[in-house]
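Below is one structure; the comments refer to it alone.
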Amino acid sequence: MTINITPNAAPLGHEIRGADLRNLDETTFAAIDAAYRKFGVVVVRDQKLTPDEQIAFSSRFGPLERFALDRFNKKDHPEIFIVSNLLEAGKPIGMEDAGRYWHSDMWYTTAPPRGSHLYALEVPHADNGEPLGDTYFASTAYAYRTLPDDVKRKIEDLEALFSLRKYVAHVGHTEERAKNNVYLKEIVDAQQAIIDREIVHKLVRIHPITGEKCLYVVQGVIREILGLPQDESDSLIEFLTQHIIRPEAVYRHRWRAGDLVMWDNYSAVHRATGDFALPQRRLMHRTTLAAPLTVAA
């Protein structure tokens, strides 16, 4: 099987063409893996994957990790996390509003996963046929490379305090909003159980596979940079956030059914948009790659 890579203007989000992910020889898989490592976000369109086939493909990159809220994992394939606005018997089958802020997945854990593979089965559309629910990606590796040298030196050894309480306030998953929404109540209840959780991550982290330096900044989550006055901390967080998401560094993915988008949680952040509602249907399956067991030399 021969593949080719079609680049775009952004430093990530390049499209891999000519691949059938159900049937990859070792040489073709190695080429896809190399592109994934190099760019951080790659797109493979026109796939027809069953849950078993998606799990099998993702597992070739290493062990998979289940999403923390088991309620939204597919019952007969718990390695798949469902992203959807669909209802069955009046109850949501998946998470509807996941990730509508600039983030990398599961930042609240000590060993965040390597990345995710999101496969689109149904995509909402506007009346004119344009797809809705776009996802935006920005390269944290490119962001680090393009920082001024004095900023690189300043942040090299700094650590940041990531706060679940600050995140909850940022995204607005409050008890008041959840009163008449069973879906939100489940999320709020889960968050309240660990609301005081805080975790320290380095602002500059080394990609455990490629060895590349990447910024680690999540929008609306960092309470403070340790060792800095609060005003200086807030100013630096805002500067780094805006540096990461500069328009020229962002890839906007316009979904089509059959797309599989692979993103790396070390070298990229992403943000979903929620510009759709039923009767426009969205159904996607996500597999999550666990943190690597070994690190780059």
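Along the sequence shown, the residues carry numbers beginning at 1.
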Closest non-hydrogen atoms of A35 and I5, given as atom of the first, atom of the second and distance, are CB-CD1, 3.7 Å
Say whether, by atom type as modelled, one donor and one acceptor occur between the side chain of Y119 and the main chain of L49 under 3.5 angstrom. yes
Name the orientation class of the two ring planes belonging to W102 and Y136 (parallel below 30°, tilted from 30 to 60°, perpendicular beyond 60°). perpendicular
So does H243 get a backbone contact from the side chain of R246, meaning a donor-acceptor N/O pair under 3.5 Å? yes
Nearest 0.5 Å, please: how far is CG in L64 from CD in Q54? 9.5 Å
Minimum heavy-atom separation for P11 and S139, please, with both atom names. CG-CB, 4.1 Å
Walk me through whether L283 and I93 qualify under side chain to side chain contact (heavy atoms under 4.5 Å, CB included). CA-CA 9 Å; L283 176 60; I93 68 169; 4.0 Å; yes
Side chain to side chain contact (heavy atoms under 4.5 Å, CB included), that's the test. Do H207 and R37 meet it? Break it down for me. CA-CA 10 Å; H207 195 294; R37 295 183 186 207; over 6 Å; no
Is the shortest side-chain heavy-atom distance between K166 and V221 below 4.5 Å? no
Within the supplied structure, the quantity of interest is the number of heavy atoms (other residues, nucleotides, ligands) at a distance under 6.0 Å from D127 CG; does it exceed 12? no
Any idea which heavy atoms bring V43 and G13 closest together, and the distance? CG2-O, 4.0 Å
Could you check whether atom CD of E130 has more than 12 heavy atoms from other residues, nucleotides or ligands sitting under 6.0 Å from it? yes
Using only atom types and a distance under 3.5 Å, with no angle test, would you say the side chain of E212 pairs donor to acceptor with the backbone of A141? no
Can you find a heavy atom in the side chain of E232 that is under 4.5 Å from one in the side chain of L236? no
Can you name the nearest heavy-atom pair linking I3 to A19, along with the distance? CG2-CB, 3.9 Å
Does L240 belong to the same Ile/Leu/Val/Met/Phe/Trp/Tyr cluster as L226, with side-chain heavy atoms less than 4.5 Å apart forming each link? no
How are the rings of H253 and W255 set relative to one another: parallel (under 30°), tilted (30 to 60°) or perpendicular (over 60°)? perpendicular
Determine, for R60 against E26, whether the closest basic-nitrogen to carboxylate-oxygen distance falls under 4.0 angstrom. yes
Is it the case that the side chain of T140 and the backbone of Y266 share a donor-acceptor pair, with hydrogens and angles ignored and the cut-off at 3.5 Å? yes
With the side chain counted from C-beta on, respond yes when I155 and L215 share a heavy-atom pair under 4.5 Å apart, and no when they do not. yes
Shortest non-hydrogen contact between I222 and A160, atoms and distance: CG2-CB, 3.7 Å
Residues D20 and N23: side-chain donor-acceptor under 3.5 angstrom: no
Rounding to 0.5 Å, atoms CD1 (I32) and CG (L24) come to a distance of 4.5 Å
Determine yes or no for a side-chain-to-main-chain donor-acceptor pair under 3.5 angstrom, with Q230 supplying the side chain and R223 the backbone. yes
Roughly how far, to the nearest 0.5 Å, is CZ of R145 from SG of C214? 8.5 Å
Determine, step by step, whether I16 and M262 satisfy the side chain to side chain contact (heavy atoms under 4.5 Å, CB included) criterion, reporting the C-alpha distance in whole Å, the side-chain angles of both residues, the deciding distance to 0.1 Å, and the verdict. CA-CA 11 Å; I16 295 173; M262 306 164 54; 5.6 Å; no
May I ask you to check if K152 and Y144 form a cation-pi contact, with NZ or CZ under 6.0 angstrom from the six-membered ring centre and within 45° of the axis? yes
If you count the non-hydrogen atoms of other residues, nucleotides and ligands that lie under 6.0 Å from NZ in K202, is the total more than 12? yes
Pair Q219, H103 - check side chain to side chain contact (heavy atoms under 4.5 Å, CB included), show working. CA-CA 6 Å; Q219 184 182 38; H103 70 289; over 6 Å; no
E156 and K213, any side-chain heavy atoms less than 4.5 Å apart: yes
Indicate yes or no for a side-chain donor-acceptor contact from S59 to the backbone of I55 under 3.5 Å, with no hydrogens or angles considered. yes
V269 versus S104, closest heavy-atom pair with distance: CG1-N, 4.1 Å
Just how far is it from atom CZ of R252 to atom CZ of R254, taken to the nearest 0.5 Å? 4.5 Å
Quick one, I209 and R114 - any side-chain contact, counting heavy atoms below 4.5 Å? yes
Is there a side-chain contact between W263 and D105 in this structure, where contact means two heavy atoms from C-beta onward sitting under 4.5 Å apart? yes
Identify every side-chain donor-acceptor pair in residues 77-84 under 3.5 Å, counting partners at least two apart or on other chains, and give the distances.
{"residue": "H77", "atom": "NE2", "partner": "D52", "partner atom": "OD1", "Å": "2.9"}
{"residue": "S84", "atom": "OG", "partner": "L86", "partner atom": "N", "Å": "3.0"}
{"residue": "S84", "atom": "OG", "partner": "R282", "partner atom": "O", "Å": "2.6"}

Is any side-chain heavy atom of I225 less than 4.5 Å from a side-chain heavy atom of L203? yes
Let me confirm one number: the CG-CG distance from D46 to D259, rounded to the nearest 0.5 Å. 7.5 Å
Between N73 (side chain only) and F67 (backbone N and O only), is there a donor and an acceptor less than 3.5 Å apart? yes
Geometric class of the Y216/H201 ring pair [parallel <30°, tilted 30-60°, perpendicular >60°]: tilted
Angle between ring planes, H117 versus Y36, binned at 30° and 60°: parallel, tilted or perpendicular? perpendicular
Parallel, tilted or perpendicular: rings of H14 and F39 (30°, 60°): perpendicular
Heavy-atom side-chain contact between L147 and F239 under 4.5 Å: yes
Any donor and acceptor pair, going by atom type alone, linking the side chain of T241 with main-chain N or O of I237 inside 3.5 Å? yes
Side chain N85, main chain Q280, donor-acceptor under 3.5 Å: yes
Using modelled atom types only, decide if a donor and an acceptor are shared between the side chain of E65 and the backbone of P113 within a distance under 3.5 Å. no
